[in-house]
Protein chains: 2
Amino acid sequence: MSDKLRAAGMRPTRQRVALGSLLFQSGDRHVCAEILHEEAVEQQIPVSLATVYNTLNQFRDAGLLREVALVGTRVYFDTNMSDHQHFYLEESDELLDIPSNHTIKLNGLPEAPEGMEIAGVDVVVRVRPKKS
Amino acid sequence: MSDKLRAAGMRPTRQRVALGSLLFQSGDRHVCAEILHEEAVEQQIPVSLATVYNTLNQFRDAGLLREVALVGTRVYFDTNMSDHQHFYLEESDELLDIPSNHTIKLNGLPEAPEGMEIAGVDVVVRVRPKKS
DNA sequence: ATTTGTGCAAATCGTTTGCATCTGA
DNA sequence: TCAGATGCAAACGATTTGCACAAAT
């Protein structure tokens, strides 16, 4: 983790190493600041909520995390930087990866507006409880 | 506008009729509460910011507006309820419709998770200035 | 007359910032 | 040593809510 941080141009401080381990050691994760902070507290990692916010933003700026486009006010990050898609559970505000064998295929990318280039395509499938 | 509101199960009050006219009289629009409130004030429509927020949420719940999934903290609504997609300009936080003749085709919707149904699919093409 | 909507200000939620203190290179 | 990171609390921006008043049916 120290190396990963150094490679990204950040000092490997206790808090960053600890948060990085929580984020990157167990496969793909979807976190918001609040959740990650709770986890850290549970695991006896002393870190303030403000530092969690700052760290997530730094990780994003360094290309270690991706910010996910969502309806609503909260910001989510995804540790999976590869090209993939999400389910968004409207009633619980949860985010799930769409299994790669069910990914939606996109045909025909549009031309970007004049002078622009495409940075990425976000696909979010909003789902809600079946009312049946 | 009164009829449209009544059809949606809302009392056609002065404020709702006025905001509805701003929103639906001039083609497709992307608005956040702040912007719509400014417009209303400019046009001498006395309405509070709180009422603009409430009204936008009611319009969305009634199916007159769509909330757009975006990175970041502000909530945008789109008066275009038809199935369409957006460019998101990363440097300026702007939202543009993708012209319908350049829409991305989606192949193979995934199964929704157990007990869930698909409410909609949001596609956002993030673009940024070409660096060339 | 009854129900529903409105305005205001205060409350809330998620997030950022200022500043004194601490820490890693 | 000292630039840079952290914690705390206060500031902040966007949004929601409680309550007295006003308007629509």
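Quick note on labels: first sequence line is chain A, next is B, and so on, each numbered from 1.
Recorded end-axis angle for the helix from C/dA1-D/dT25 to C/dA25-D/dT1 stands at 30°, based on five pairs per end and rounded to 10 degrees.
Not counting sequence neighbours, B/Asp61 has no partner by the side-chain contact (heavy atoms from CB on, under 4.5 Å) test. For B/Glu94, the side-chain contact (heavy atoms from CB on, under 4.5 Å) criterion is met by B/Leu89, B/Ser92, not counting sequence neighbours. Taking A/His102 as the reference, nothing meets the ring pair (Phe, Tyr, Trp, His ring centres under 6.0 Å) condition, with sequence neighbours excluded.
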Show me the side-chain donor-acceptor pairs of residues 16-28 of chain A shorter than 3.5 Å, one per line, residues at least two apart or across chains.
| unit_1 | atom_1 | unit_2 | atom_2 | d |
| --- | --- | --- | --- | --- |
| A/Arg16 | NE | A/Arg11 | O | 3.1 |
| A/Arg16 | NH1 | A/Gln58 | OE1 | 2.9 |
| A/Arg16 | NH2 | A/Arg11 | O | 3.4 |
| A/Ser21 | OG | A/Val17 | O | 2.9 |
| A/Asp28 | OD2 | A/Asn80 | ND2 | 3.0 |

Using a 3.5 Å cut-off and no angle test, enumerate the donor-acceptor pairs between side-chain atoms of residues 104-125 of chain B and protein atoms at least two apart in sequence or in another chain.
| unit_1 | atom_1 | unit_2 | atom_2 | d |
| --- | --- | --- | --- | --- |
| B/Asp122 | OD1 | A/Arg126 | NH2 | 3.3 |
| B/Asp122 | OD2 | A/Arg126 | NE | 2.8 |

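Chaining together hydrophobic side chains whose heavy atoms lie under 4.5 Å apart places A/Leu49 alongside A/Tyr53. Counting side-chain heavy-atom gaps under 4.5 Å among Ile, Leu, Val, Met, Phe, Trp and Tyr, A/Val41 is found in no cluster with other residues.
Sorted by first then second residue, the salt bridge (Lys or Arg N to Asp or Glu O under 4.0 Å) pairs that include residues 68-89 of chain B, not counting sequence neighbours, number zero. Within the structure, salt bridge (Lys or Arg N to Asp or Glu O under 4.0 Å) pairs that include any residue of residues 34-54 of chain A comprise A/Arg29-A/Glu39 (at least two apart or interchain).
Extent of DNA chain D lying under 4.0 Å from chain B heavy atoms, first and last nucleotide in 5' to 3' order, is D/dA14 to D/dT25.
Using a 4.5 Å cut-off on side-chain heavy atoms (C-beta onward), B/Pro12 and B/Arg6 make contact.
Between B/Arg16 atom CZ and C/dT4 atom P the separation is 11 Å, expressed in whole Å.
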Worksheet item: What string of B, S and - do you get for nucleotides 14-25 of chain C 5' to 3' if you count protein non-hydrogen atoms under 4.0 Å?
Response: SBBB-----BBS
